[in-house]
Amino acid sequence: MDRRQFLAHSSVAGLATLASRTAFAATLTDGGRVRRALGIPELRPVFERAPLRMPPSVSADGLTLRAAARRVEIAPGVPVEAWSPGDGPVGPTIRVRTGDTARITLENALNEPTILHWHGLRVPEIADGHPRLAIPTGATYQYEFPVIDRAGTYWYHAHPHHRTGVQAYRGMAGLLVIGDAAEDALGFPNGEHELPLLIQDRRLAADGTFAYEPAMHEQMEGFFGDTAFANGIRLPSQSVETTTYRVRVVNGTTSRILRLALSNGQPFTLIGNDGGLLPAPVTLTQIDMGTGERVDVLIDFGKVAVGSRVMLMSAAFESPARMGGMGMGRGMGGGGMGMGRMGAGGVAQGAAMDLVEFTVDRAVTPVAWNPRALPRIATLDPRTAKRTRTFQFNSAMMQHNINGREFDMERIDETVRFGDTEVWTFVNDSPFPHPVHMHEVQFRVVERIGGRARIMPWERGLKDVVLVNPGERVSVVATFDTYRGRFLMHCHNMVHEDMGMMMNYAIV
Ligand code: C2O
Ligand code: CU
């Protein structure tokens with residue numbers, strides 16, 4: 001039974017709840033015919049799917065990124081004004097090898113200050129893109145740093161204070177892929193069988209521009225687009241062969257948690273996450289990702305019939321946000337904020353969203369990737385920690401802060417001794433999920449108490465973002481032994497971050 005038959009069947013049988021019908025409807029690409037037949041309201045204007053395009057791959061040696069407002073195509077013949085560090089709707093894909101030296105010039109031709117941060121990379125303080133390093137219009141910034149991190153999927157994005165959200169949303173972001181010899185030896189699919197995807201969600205204004213005006217309730221929970229983009233392409237479609245692909249996914253949304261799934265129910269082989277390859281591959285049908293998190297998965301189209309389509313989607317889920325509970329009702333003057341997942345036309349956290357359509361077009365002799373040992377990761381043992389620090393993530397009354405303090409560019413909130421291993425515990429008693437990001441370290445998640453109460457399979461290995469849901473307390477262990485200087489820890493929900501849920505820490 002294919003998906004359409006299943007849909008018709010479930011409608012006839014009256015099995016589908018509104019939620020699941022909406023989820024299925026959102027996965028359809030037939031111009032809304034089935035949706036109308038089922039009496040499901042339109043979720044958004046129905047656009048044609050556009051061919052996915054890969055941003056150009058560039059080396060980091062002598063790279064110039066010119067940040068500018070420019071007209072770019074988000075689909076063939078559909079120009080939109082984006083703010084981008086390259087010629088396309090997002091920046092070029094920077095491909096480097098461990099041991100390379102990056103020499104990158106940022107030119108700011110935007111009408112406001114900007115700075116770029118190399119998310120997940122351990123770099124010297126002056127190369128980290130701290131908001132106090134933002135440069136004015138017309139200025140340039142010179143980055144030079146050795147690439148010391150492992151092979152993996154990283155990314156870069158604008159990081160000026162109060163403007164990270166809008167700038168990244170308009171296109172000031174790109175993929176950064178590190179390769180190394182240990183990974184080469186594993187023979188993962190590469191070339192056209194490797195698909196890096198920077199996923200974003202946006203709203204298109206009536207005039208076709210990217211609309212970003214978080215309303216009052218969106219300044220609390222976050223800003224959710226109604227339309228998915230990958231690599232700056234709206235509702236993309238990618239033609240694939242009947243073989244295994246390596247798909248690298250970056251959650252580059254403003255605020256949206258993605259629950260990655262394939263529409264035909266087939267599993268992913270998860271091989272890596274934020275900090276590179278996992279200790280061992282894991283087979284999963286669903287993977288949750290907060291903003292800033294990455295996953296590296298193998299998708300085997302070898303058993304998919306030629307001529308069929310498989311949607312990489314964010315499956316519907318119950319938002320972990322606690323509407324009307326906790327601070328919400330008190331802080332917002334009455335809990336009923338009208339943020340119902342259905343009522344918002346598929347916009348809200350947890351609504352199903354199609355991300356990238358794969359059309360299986362060509363039969364080839366499938367090349368399977370056979371599981372084999374992945375490179376060992378040095379174990380970070382929390383028992384060696386010199387210190388434990390606890391951080392409360394608070395959201396109430398139009399405020400987002402850490403330990404009661406909003407971000408201050410010049411204030412150092414924590415001081416860590418160079419070389420020490422520490423355990424940092426992120427506590428979320430607020431109504432909203434917070435994807436917590438640390439600059440300058442790759443940490444290991446050691447414990448989650450409350451909420452999901454376990455370490456999720458996609459949280460093994462090395463990470464730089466961890467999703468902390470309401471009611472959870474998540475501990476991570478890290479060694480601060482790369483560079484001294486001032487670095488950031490913050491919530492990567494960019495609305496929260498821009499409103500001050502961020503702090504400086506110094507490694508001395
Ligand atoms: Cu992805 Cu401080 O950033
Ligand atoms: Cu947050």
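Remember, predicted model here, so these are calculated numbers, not experimental data. Just follow the structure's listing: the first ligand is 1, and inside any ligand the first atom is 1. Below, all heavy atoms of this structure are taken into account, side chains as well, without hydrogens, waters or symmetry copies.
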Donor-acceptor pair between Ser255 and Asn493 side chains, under 3.5 angstrom: yes
Thr421 and Thr479 side chains, donor-acceptor separation under 3.5 Å: yes
2.8 Å cut-off met by an N, O or S atom of His400 to the Cu ion (ligand 2): no
Side-chain H-bond candidate by donor/acceptor type, Gln142 with Thr105, under 3.5 Å: yes
Residue and atom, protein N/O/S, under 2.8 Å of atom 2 (Cu) of ligand 1: His159 NE2, His439 NE2, His490 NE2
Test item: side-chain donor near acceptor, Thr291 and Thr253, under 3.5 Å: yes
Residue of the set His434, Gln219, Glu221 for which side chain to side chain donor-acceptor pair (under 3.5 Å) holds with His496: His434
Of the N, O or S atoms in His434, the one nearest the Cu ion (ligand 2): ND1
Contact flag His496/the Cu ion (ligand 2), N/O/S atoms, threshold under 2.8 Å: yes
Gln442-Asp464 side chain donor-acceptor pair, cut-off 3.5 Å: yes
Short side-chain donor-acceptor distance under 3.5 Å, His130 and His159: no
